[in-house]
2 protein chains.
Amino acid sequence: MIRLVIADDQALVRGALAALLGLESDIEVVAEVGRGDEVSAAVVLNKADVALLDVEMPGLDGIAAAARLRTDAPDCRVLMVTTFGRPGYLRRAMQAGAGGFVVKDTPARQLADAVRKVAAGLRVVDPALAVESMTSGDSPLTERETEVLRAAGDGGTVADIAAATFLSEGTVRNYLSSGMGKTGARTRAEAVHIAEENGWLL
Amino acid sequence: MIRLVIADDQALVRGALAALLGLESDIEVVAEVGRGDEVSAAVVLNKADVALLDVEMPGLDGIAAAARLRTDAPDCRVLMVTTFGRPGYLRRAMQAGAGGFVVKDTPARQLADAVRKVAAGLRVVDPALAVESMTSGDSPLTERETEVLRAAGDGGTVADIAAATFLSEGTVRNYLSSGMGKTGARTRAEAVHIAEENGWLL
DNA sequence: CCGGGCCGATGACAAATGTCATGGCGATCC
DNA sequence: GGATCGCCATGACATTTGTCATCGGCCCGG
């Protein structure tokens, strides 16, 4: 019997996944949580074998939650599930110790299989996403560059970004410029878009 | 027995919802589709009583699909489900003839109730969303303004937007300017953000 | 029929943005 | 110890952007 914890911020999806996997005879859903920072406690309390984590979650994102499970509950395997097939997500999830990574538009039937394989210690990766992850490598952006690009995400002016990052306006423009150069963008907004698509903004 | 069609672009969520609702004794899931333009045919073929539609879908978005059901299958009730609580979505969905509107982070248990109520001809609306829909009214943007803002969404230059919309560069800047004025934004990117949040970009 | 709104465009101007060169500081690697 | 790289900053410069005034055409409601 595989003891499973489900973490997803959307209650409807969470419950639906629980219903779907609860139908399997060898899987038992022992807990459901809606926030990343509740995962660790739920896994430890229920002695879970596998944690099904969404990447997008409030409190603590799925990747950080997976990293924390690595120390809090080393025996618990992690299967990441995400809405968007950002290539960078896969890489970071694997680095964080995830045992599997599937996208939400994979056939429902394969999910139970993925859970079983992960529980057995195997690695499960969406094949289409794997090749993309190879081509689009690791983030070329430096730490401050990503920070500035993320701050630029909601469309504020340079002054806004400078205030948010505690940097000089000129420095902000320099980082924006270098970020645009590395992403091949011609506008800061385009750079933000490209970086987001690749999962470089975390 | 309520005959239900489920439409959602994410196969996993689709299957999970089917599993969840299939547990109810008075609900029968008769079809699942992943594209908006397949909804109509599925409903007609299976003589469905209720269609559960996601707003975000390829081919045809949920609102347009609901509008088409109004003519193709007038007896079929529509329950909209969405990830984002964009205030404008609710209004547009209701105008398109939807009988209910719930967000994906509502408790899973209430979904079956919502389906039953919609099937009975009642209106079901997420209460938190309803008040927001009242305060943030209809889109103040004109047709071209939304078109230009949407084209500006991926961060291109004025020249790019002009090329995409077949307008003069000066005209594009005028529409951007007026759009920014109506949204209270100080940057085109901010205007796009605000308009998106409110569901004004369709 | 006349006003008002949206559409498309032009021109001019101030402000913001993107680019480049340059400098100093610290860490890391050879 | 020198070389390299990232970080932070400044200043100058050309370009882009946002704003405003103005024009003509079109369609709709009073």
Side-chain angles (χ1 to χ4, degrees), chain A residues 88 91-92 95 137-202, chain B residues 88 91-92 95 137-202:
Chain A
R91 179 181 299 267
R92 307 191 45 140
Q95 285 173 348
D138 215 2
S139 173
L141 299 172
T142 184
E143 191 179 343
R144 287 303 177 293
E145 283 167 353
T146 65
E147 187 180 344
V148 168
L149 277 186
R150 200 180 309 130
D154 39 354
T157 74
V158 172
D160 295 337
I161 304 173
T165 56
F166 304 101
L167 289 176
S168 162
E169 296 195 12
T171 307
V172 168
R173 296 202 298 199
N174 283 341
Y175 283 133
L176 285 175
S177 187
S178 65
M180 287 158 54
K182 288 180 182 176
T183 54
R186 305 154 63 86
T187 312
R188 78 178 66 179
E190 198 177 0
V192 171
H193 240 73
I194 295 175
E196 259 177 358
E197 297 279 311
N198 292 76
W200 292 340
L201 298 188
L202 211 232
Chain B
R91 178 181 301 266
R92 307 191 47 140
Q95 286 174 349
D138 217 2
S139 173
L141 299 172
T142 186
E143 192 179 343
R144 286 303 176 293
E145 284 166 353
T146 65
E147 187 181 342
V148 169
L149 277 187
R150 201 179 308 129
D154 39 352
T157 75
V158 173
D160 296 336
I161 305 173
T165 57
F166 304 101
L167 289 176
S168 161
E169 296 195 11
T171 306
V172 167
R173 296 200 301 199
N174 284 341
Y175 282 132
L176 285 174
S177 186
S178 65
M180 286 158 55
K182 289 179 180 176
T183 53
R186 304 154 63 84
T187 311
R188 79 177 67 178
E190 199 177 359
V192 171
H193 241 73
I194 295 175
E196 260 178 356
E197 297 277 312
N198 291 77
W200 291 341
L201 296 189
L202 211 240

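A quick note: this is a predicted structure, and the numbers were derived from the prediction, not measured. Residue numbers begin at 1 in each chain, while the letters A, B, ... track the order of the sequences.
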Whole-Å gap separating C1' (dA9(C)) and CD1 (Ile161(B)): 17 Å
How many whole angstroms separate atom CZ of Arg173(A) from atom C1' of dA14(D)? 12 Å
Qualifying residue for side chain to side chain contact (heavy atoms under 4.5 Å, CB included) with Glu145(B), from Ser177(B), Ser178(B), Pro140(B): Ser178(B)
Separation of Leu176(A) atom CG from dT17(D) atom C1', in whole Å? 15 Å
Distance criterion of 3.5 Å, no angle test: do you see the side chain of Asn174(A) paired donor-to-acceptor with the base of dC20(C)? yes
Starting at the 5' end of DNA chain C and moving along, which residue's nearest nucleotide shows up first, Leu167(B) or Ser177(A)? Leu167(B)
Any chance the side chains of Glu147(A) and Thr165(A) put a donor and an acceptor closer than 3.5 Å? no
For Glu169(A) and dA12(D), give me the distance from atom CD to atom P, rounded to whole Å. 16 Å
Is the distance from OP1 or OP2 of dT10(D) to the nearest side-chain N or O of Thr171(A) less than 4.0 Å? no
Can you check whether Arg188(A) has a side-chain N or O nearer than 4.0 Å to OP1 or OP2 of dT17(C)? yes
Tell me the interatomic distance from Tyr175(B), atom OH, to dC20(D), atom C1', rounded to whole angstroms. 16 Å
According to a strict under-4.0 Å criterion, is Arg144(A) in side-chain N/O contact with OP1 or OP2 of dC8(D)? yes
Respond yes when some side-chain nitrogen or oxygen of Ser168(A) is under 4.0 Å from OP1 or OP2 of dT10(D), and no when none is. yes
For Met180(B) and dT17(D), what is the distance between atoms CE and C1' respectively, to the nearest whole Å? 8 Å
State which of dG18(C), dA9(C), dA9(D) makes the closest approach to the side chain of Thr187(A). dG18(C)
Length of the CD-P vector between Glu190(B) and dT17(D), whole Å: 17 Å
Tell me the interatomic distance from Glu145(A), atom CD, to dC7(D), atom C1', rounded to whole angstroms. 10 Å
Where the side chain of Thr183(B) meets the backbone of Ala191(B), is there a donor-acceptor pair that is under 3.5 Å apart? no
